[in-house]
Amino acid sequence: MQQANKANKAVDSYATKHNLTEEIGWKKETTIKNTTSATSRRLDIANSEINEAVEHKTGKQYLSKDILSEAERDAKIMENTDWEIRWHFDDYASKPLLSKLDELGIQYTIGN
């Protein structure tokens, strides 16, 4: 529960810093569905008016099975829809993870 609260606060901080507000269409914890591949994904921040979303990660991130699954679903959604999904890492992302995101065509940023 503490980790979830920390992550929620980090998402709020990122959204505020980058002016991703509800007034201009951004919403937290939005599910995107890809009917072509029957894929759905809950993303941290999304704007369905402009089809953009951000997956926000805190702490050290590695290319785990769960992270790989998220990245592959995001790539499928971008391939089959007009959604653009980017990832943001507050702290650290391993080289294998960043290489996989590059391979899948997912843009990312690191740091504040």
Side-chain angles (χ1 to χ4, degrees):
M1 189 68 158
Q2 271 185 313
Q3 185 64 23
N5 286 338
K6 180 181 176 184
N8 285 334
K9 286 180 182 177
V11 169
D12 289 344
S13 175
Y14 178 87
T16 299
K17 181 176 182 177
H18 296 278
N19 197 35
L20 306 179
T21 64
E22 286 191 25
E23 292 79 25
I24 57 172
W26 292 90
K27 297 187 185 334
K28 292 193 310 183
E29 298 189 10
T30 299
T31 300
I32 298 171
K33 295 180 181 175
N34 175 3
T35 55
T36 306
S37 66
T39 302
S40 66
R41 179 88 158 82
R42 187 200 57 77
L43 290 150
D44 294 315
I45 312 167
N47 185 327
S48 59
E49 294 173 18
I50 59 173
N51 291 348
E52 290 185 14
V54 177
E55 176 62 15
H56 188 275
K57 300 290 185 190
T58 60
K60 293 182 179 181
Q61 299 295 318
Y62 299 92
L63 186 57
S64 67
K65 183 178 174 181
D66 290 339
I67 295 291
L68 177 59
S69 173
E70 290 179 353
E72 289 175 338
R73 284 182 283 152
D74 290 354
K76 280 246 188 261
I77 288 169
M78 290 192 304
E79 179 182 319
N80 295 315
T81 70
D82 58 351
W83 275 89
E84 186 64 36
I85 302 169
R86 64 185 183 273
W87 286 34
H88 177 77
F89 301 94
D90 272 352
D91 304 309
Y92 170 85
S94 70
K95 287 186 181 186
L97 171 54
L98 297 179
S99 293
K100 180 53 80 172
L101 294 177
D102 286 336
E103 177 186 318
L104 293 171
I106 297 172
Q107 296 180 358
Y108 58 84
T109 54
I110 302 171
N112 297 324

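Numbers here are sequence positions counted from 1.
When all heavy atoms of Asn51 and Ser48 are compared, the closest pair comes out as OD1-O, 3.0 Å. In terms of heavy atoms, Arg73 sits closest to Ser40 at NH1-O, 3.5 Å. The shortest heavy-atom contact between Gln61 and Thr58 is NE2-O, 2.6 Å. The minimum heavy-atom distance between Asp91 and Gly59, with the atom names listed, is OD2-N, 2.6 Å. Among all heavy-atom pairs drawn from Tyr14 and Ile45, the shortest one is CD2-CD1, 3.8 Å.
No continuous path of ILVMFWY side-chain contacts below 4.5 Å connects Leu63 to Tyr92, so the two sit in separate hydrophobic clusters. Hydrophobic clustering (ILVMFWY, side-chain heavy atoms < 4.5 Å, transitive): Tyr108 and Tyr62 are in distinct clusters.
Taking the salt bridge (charged side-chain N to carboxylate O under 4.0 Å, His left out) definition, one finds that Arg41 meets it with Glu55, Glu70, Asp74, sequence neighbours left out. For Lys33, the salt bridge (charged side-chain N to carboxylate O under 4.0 Å, His left out) test picks out no residue, with sequence neighbours left out. Contacts of Asp12 classified as salt bridge (charged side-chain N to carboxylate O under 4.0 Å, His left out), with partners at least two apart in sequence or in another chain: Lys28. Glu52 pairs by the salt bridge (charged side-chain N to carboxylate O under 4.0 Å, His left out) definition with Arg86, not counting sequence neighbours. With sequence neighbours left out, Ser94 forms a side chain to side chain donor-acceptor pair (under 3.5 Å) with no residue at all.
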**OP:** Could you check Val54 against Asp44 for side-chain contact (heavy atoms from CB on, under 4.5 Å), going step by step and ending with a plain yes or no?
**Re:** CA-CA 6 Å; Val54 177; Asp44 294 315; 6.0 Å; no
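To the nearest 0.5 Å, atom CG of residue Asn47 and atom CD of residue Glu84 are 13.0 Å apart.
Between Trp87 and Ile67, the closest side-chain pair of non-hydrogen atoms falls below 4.5 Å.
Under the 3.5 Å distance criterion, the side-chain polar atoms of His18 are left unmatched by any main-chain donor or acceptor of Ser13.
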Tell me which donor-acceptor pairs under 3.5 Å the side chains of residues 95-106 have, and how far apart each pair is, sequence neighbours excluded?
residue: Ser99; atom: OG; partner: Lys95; partner atom: O; Å: 3.0
residue: Lys100; atom: NZ; partner: Glu103; partner atom: OE2; Å: 3.0

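Surrounding CD of Glu79 are more than 12 heavy atoms belonging to other residues, nucleotides or ligands, all under 6.0 Å away.
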